[in-house]
Amino acid sequence: MRQETIERIRRFTKDRNWDQFHSPANLAKSISIEANELLECFQWSDNEYDLDHVKEELADVIVYCQDMLDKLGLDVDEIVNRKMDQNEAKYPIEKARGNAAKYDQL
């Protein structure tokens with residue numbers, strides 16, 4: 001995400017004095033709620049959905065994730081790359097390519 005977008009998210013929260021409500025638990029709940037609203041976009045069809053609605057719900061998830069990163073003082077690149085290292089170890093290409101099985105069943 002571009003720095004100016006991150007700063008816009010931060011300014012939105014700060015200008016409204018909402019940081020006081022952004023405990024890690026509240027943010028985790030909000031991420032889950034918004035992720036479920038995203039899932040609801042696909043409730044009755046895997047192929048027919050309103051892309052604008054999907055974008056709105058996905059943006060809500062991303063904004064709350066950025067708020068969580070800020071609240072916990074985390075760097076998105078660091079934590080994503082750490083997780084990708086773990087995923088690459090659990091799902092080696094030679095075993096996982098084209099296979100949807102969980103890592104312990106490869």
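In this text, all values refer to a predicted model and were calculated from it rather than measured experimentally. By convention here, the first residue in the shown sequence is residue 1. Computed from heavy atoms alone, side chains included, the values below leave out hydrogens, waters and symmetry copies.
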Answer with yes or no whether the hydrophobic clustering places [X] together with [Y]; edges join I, L, V, M, F, W, Y residues whose side-chain heavy atoms lie under 4.5 Å apart.
X: Val63; Y: Leu69; value: no
X: Leu72; Y: Ile79; value: yes
X: Val80; Y: Tyr64; value: yes

Student check: side-chain heavy atoms of [X] and [Y] closer than 4.5 Å:
X: Ile33; Y: Asn36; result: no
X: Cys41; Y: Asp50; result: no
X: Val61; Y: Glu57; result: no
X: Arg8; Y: Phe12; result: no
X: Lys102; Y: Tyr91; result: yes
X: Gln105; Y: Asn99; result: no

Are Glu78 and Arg82 within salt-bridge range, i.e. N to O under 4.0 Å?
yes

Side-chain (Ser32) to main-chain (Ala28) donor-acceptor, under 3.5 angstrom
no

Does Asp60 use its side chain to pair, donor to acceptor, with the backbone of Glu34 at less than 3.5 Å?
no

All side chain to side chain contact (heavy atoms under 4.5 Å, CB included) counterparts of [X], not counting sequence neighbours:
X: Glu40; result: Gln43
X: Ala89; result: none
X: Met1; result: Thr5, Ile6, Ile9, Ile62, Gln66

To the nearest 0.5 angstrom, please state how far the [atom1] atom of [X] sits from the [atom2] atom of [Y].
X: Ile31; Y: Lys29; atom1: CD1; atom2: NZ; result: 12.5 Å
X: Met84; Y: Asp77; atom1: CE; atom2: CG; result: 12.5 Å
X: His53; Y: Leu38; atom1: NE2; atom2: CG; result: 8.5 Å

Heavy-atom pair of closest approach, residues [X] and [Y]:
X: Gln20; Y: Asn17; value: NE2-O, 2.9 Å
X: Pro24; Y: Met68; value: O-CE, 3.3 Å
X: Asn26; Y: Phe21; value: ND2-O, 2.9 Å

Decide if atom [atom1] of [X] counts as having more than 12 heavy atoms of other residues, nucleotides or ligands within a radius under 6.0 Å.
X: Glu48; atom1: CD; answer: no
X: Tyr49; atom1: OH; answer: no
X: Arg2; atom1: CZ; answer: no
X: Arg10; atom1: CZ; answer: yes
X: Lys95; atom1: NZ; answer: no
X: Leu51; atom1: CG; answer: yes

Start with the C-alpha distance between Tyr103 and Asn87, add both sets of side-chain angles, then the distance that settles side-chain contact (heavy atoms from CB on, under 4.5 Å), and finish with yes or no.
CA-CA 9 Å; Tyr103 68 93; Asn87 288 345; over 6 Å; no

Step-by-step side-chain contact (heavy atoms from CB on, under 4.5 Å) determination, Gln86 to Lys83
CA-CA 5 Å; Gln86 293 170 356; Lys83 182 61 176 174; 3.5 Å; yes

